[in-house]
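What follows is a short report on a single structure.
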Amino acid sequence: MSYQANFRVWRGDSSGGGIEEYEVEVNEGEVVLDIVHRLQATQAPDLAVRWNCKAGKCGSCSAEINGRPRLMCMTRMSTLSPDEPVTITPMRTFPVLRDLVTDVSFNYTKAREVPSFIPPQGLKPGEYRMQQEDVNRSQEFRKCIECFLCQNTCHVVRDHEENKPEFSGPRFLMRVAELDMHPLDDAEGTGLDRKRTAQEEHGLGMCNITKCCTDVCPEHIKITDNALIPLKERAVDRKYDPLVWLGSKISRRR
């Protein structure tokens, strides 16, 4: 069953822009990205949009649909009312390059600031051994497709541009949490305290666990409950629990 839908798409660039309206055909089974492609083919050939796999795995087609951060390729038209206009705007947290394409280089800058996995000394590749439970915990976070919807919806950076230098955002705090709970990560053996750096260098204390990042994750990763809150608890223990603090001093001295 086909129908004509009213699409309201933001058009412009870094110097400014606005909403333009289009009447476009919608067919059964289509997703929002299909309609955007039809717009490009029939009415707006210069419409800029970033996409790649159209399967919800590359994270490229992030945008805001009716005000909610979503993947265009995973938003079915059948979930939207045919009687109401569909408004598509670029992600608000990042600078607009053109139309629906934003500059997400902020995220790659933050990614480079997180020290990578440090393998234990004396173990060669193929000799790593982990409990399945530990594998499962890390595997959840590895499902991230880096669509940056969690970064976009996090109000710490969305509403406060001045926080960006000190705050890595939920995606990269989740990365720190994953490495910190990894049983084979030997960061502390090299003098790197991931809990301390999460607090002092990545802005963990600025997160107030509203769970907006979890709400928009297309992979349904429990970012807040399984990564950020446990990381906060470990960071607080390390910094304020006198016994934990004393134990860290003793072990470091040894």
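The figures that follow rest on heavy atoms only: side chains count, while hydrogens, waters and symmetry mates do not.
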(request) Please report the C-alpha distance between Ile88 and Glu64 in whole Å, then the side-chain angles of each, then the deciding distance to 0.1 Å, and finally whether the side-chain contact (heavy atoms from CB on, under 4.5 Å) criterion is met. (result) CA-CA 6 Å; Ile88 309 177; Glu64 300 196 5; over 6 Å; no
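- Counting only distance, with no hydrogens or angles, the side chain of Thr153 and the backbone of Cys213 share no donor-acceptor pair below 3.5 Å.
- The closest side-chain heavy-atom distance from Arg8 to Val86 is not below 4.5 Å.
- The closest side-chain heavy-atom distance from Glu140 to Asn226 is below 4.5 Å.
- A distance below 6.0 Å separates the ring centres of Tyr108 and Phe148.
- With hydrogens and angles disregarded, no donor-acceptor distance shorter than 3.5 Å links the side chain of Asp103 to the backbone of Pro95.
- Ion pair Lys195/Glu200 not flagged as a salt bridge, since none of the NZ, NE, NH1 or NH2 atoms sits closer than 4.0 Å to an Asp/Glu carboxylate oxygen.
- When side chains are defined from C-beta on, Cys73 counts as touching Cys61, because their heavy atoms get closer than 4.5 Å.
- Sorted by first then second residue, the salt bridge (charged side-chain N to carboxylate O under 4.0 Å, His left out) pairs that include residues 123-134, not counting sequence neighbours, are Asp134-Arg137.
- Closest heavy-atom contact between Leu149 and Ala63: CD2-O, 4.2 Å.
- A salt bridge between Glu178 and Arg142 is present, with a side-chain N of the basic residue lying under 4.0 Å from a carboxylate O of the acidic one.
- Residues Phe141 and Met181 meet the side-chain proximity criterion, which asks for heavy atoms closer than 4.5 Å.
- When atom types are taken as modelled, the side chain of Lys110 and the backbone of Pro165 share a donor-acceptor pair closer than 3.5 angstrom.
- A side-chain donor-acceptor contact under 3.5 Å links Asp99 to the backbone of Ala48.
- Checked by atom type and distance alone, the side chain of Thr197 pairs as donor or acceptor with a backbone atom of Arg194 at under 3.5 Å.
- Side-chain contact between Ile19 and Val9 is absent, with no heavy-atom pair separated by less than 4.5 Å.
- In this structure, the side chain of Thr102 does not engage the main chain of Val104 through any donor-acceptor pair within 3.5 Å.
- At distances below 3.5 Å, at least one donor-acceptor pair connects side-chain atoms of Thr75 with backbone N or O atoms of Leu71.
- Taking the side chain as every heavy atom from C-beta outward, Pro170 and Cys207 never approach each other to under 4.5 Å.
- Checked against the 6.0 Å centroid threshold, Phe117 and His182 count as a close aromatic pair.
- Expressed to the nearest 0.5 Å, how far CD1 of Ile118 lies from CD of Glu188 amounts to 10.5 Å.
- Of all the heavy atoms in Pro82 and Tyr3, the pair that sits closest is CB-CE1, 3.5 Å.
- With Asn163 contributing its side chain and Val157 its backbone, the two residues share no donor-acceptor pair below 3.5 Å.
- Salt bridge present: Arg171 and Glu146 bring a charged side-chain N and a carboxylate O closer than 4.0 Å.
- Formation of a donor-acceptor pair under 3.5 Å by the Gln199 side chain with backbone atoms of Ala235 is not found in this model.
- Taking both residues in full, the closest heavy atoms of Phe172 and Asn107 are given as CZ-O, 3.0 Å, listed atom of the first, atom of the second, then distance.
- For Asp159 and Arg92, the salt-bridge test passes: some basic side-chain N is under 4.0 Å from an acidic carboxylate O.
- Put simply, the side chain of Met77 reaches to within 4.5 Å of the side chain of Val32, judged on heavy atoms.
- Within the model, atoms CD1 of Ile65 and OG1 of Thr87 stand 10.5 Å from one another, a figure rounded to the nearest 0.5 Å.
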Side-chain polar contacts of residues 34-47 - donor-acceptor pairs under 3.5 angstrom, sequence neighbours left out - could you list them?
{"from": "Asp34", "atom 1": "OD1", "to": "Lys54", "atom 2": "NZ", "distance (Å)": "3.1"}
{"from": "Asp34", "atom 1": "OD2", "to": "Val31", "atom 2": "N", "distance (Å)": "2.9"}
{"from": "His37", "atom 1": "NE2", "to": "Trp51", "atom 2": "NE1", "distance (Å)": "3.3"}
{"from": "Arg38", "atom 1": "NH1", "to": "Glu25", "atom 2": "O", "distance (Å)": "2.7"}
{"from": "Arg38", "atom 1": "NH1", "to": "Glu30", "atom 2": "OE1", "distance (Å)": "3.0"}
{"from": "Arg38", "atom 1": "NH1", "to": "Glu30", "atom 2": "OE2", "distance (Å)": "3.3"}
{"from": "Arg38", "atom 1": "NH2", "to": "Glu30", "atom 2": "OE2", "distance (Å)": "2.6"}
{"from": "Gln40", "atom 1": "NE2", "to": "Leu47", "atom 2": "O", "distance (Å)": "2.8"}
{"from": "Thr42", "atom 1": "OG1", "to": "Arg38", "atom 2": "O", "distance (Å)": "2.7"}
{"from": "Gln43", "atom 1": "NE2", "to": "Glu23", "atom 2": "O", "distance (Å)": "2.8"}
{"from": "Asp46", "atom 1": "OD1", "to": "Arg11", "atom 2": "NH2", "distance (Å)": "3.1"}

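- Taking each heavy atom of Pro115 and Leu179 in turn, the nearest pair found is O-CD1, 3.3 Å.
- With respect to the salt-bridge test (charged N to carboxylate O, under 4.0 angstrom), the residues Glu219 and Lys57 qualify.
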(message) Apply side chain to side chain donor-acceptor pair (under 3.5 Å) to residues Gln121 and Asp186 and explain how you reach the verdict.
(response) CA-CA 8 Å; Gln121 295 183 357; Asp186 193 32; 5.0 Å; no
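- Other residues, nucleotides and ligands place no more than 12 heavy atoms under 6.0 Å from the NZ atom of Lys222.
- One side chain, Asn152 or Thr93, offers a donor N or O that lies under 3.5 Å from an acceptor on the other.
- In this structure, Leu173 and Phe167 approach most closely via the heavy-atom pair CD1-CE1, 3.8 Å.
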(message) Go through it in stages, so that I can follow the logic: the residues are Glu28 and Ser2, the test is side-chain contact (heavy atoms from CB on, under 4.5 Å), and I'd like the CA-CA distance, side-chain angles, deciding distance and then a yes or no.
(response) CA-CA 6 Å; Glu28 186 175 359; Ser2 300; over 6 Å; no
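- Side chain of Ser138 to main chain of Val135: no donor-acceptor pair is present (N/O by atom type, distance under 3.5 Å, no hydrogens or angles).
- Atom NE2 in His202 sits 9.5 Å away from atom CZ in Arg196 (nearest 0.5 Å).
- A 4.5 Å side-chain heavy-atom check between Val96 and Val101 finds every atom pair outside the cut-off.
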(message) Using side chain to side chain donor-acceptor pair (under 3.5 Å), reason through Asn136 and Gln132 one step at a time and then give a plain yes or no.
(response) CA-CA 6 Å; Asn136 294 341; Gln132 187 61 44; 2.9 Å; yes
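- Thr214 approaches Ile221 most closely through the heavy-atom pair CG2-O, 3.7 Å.
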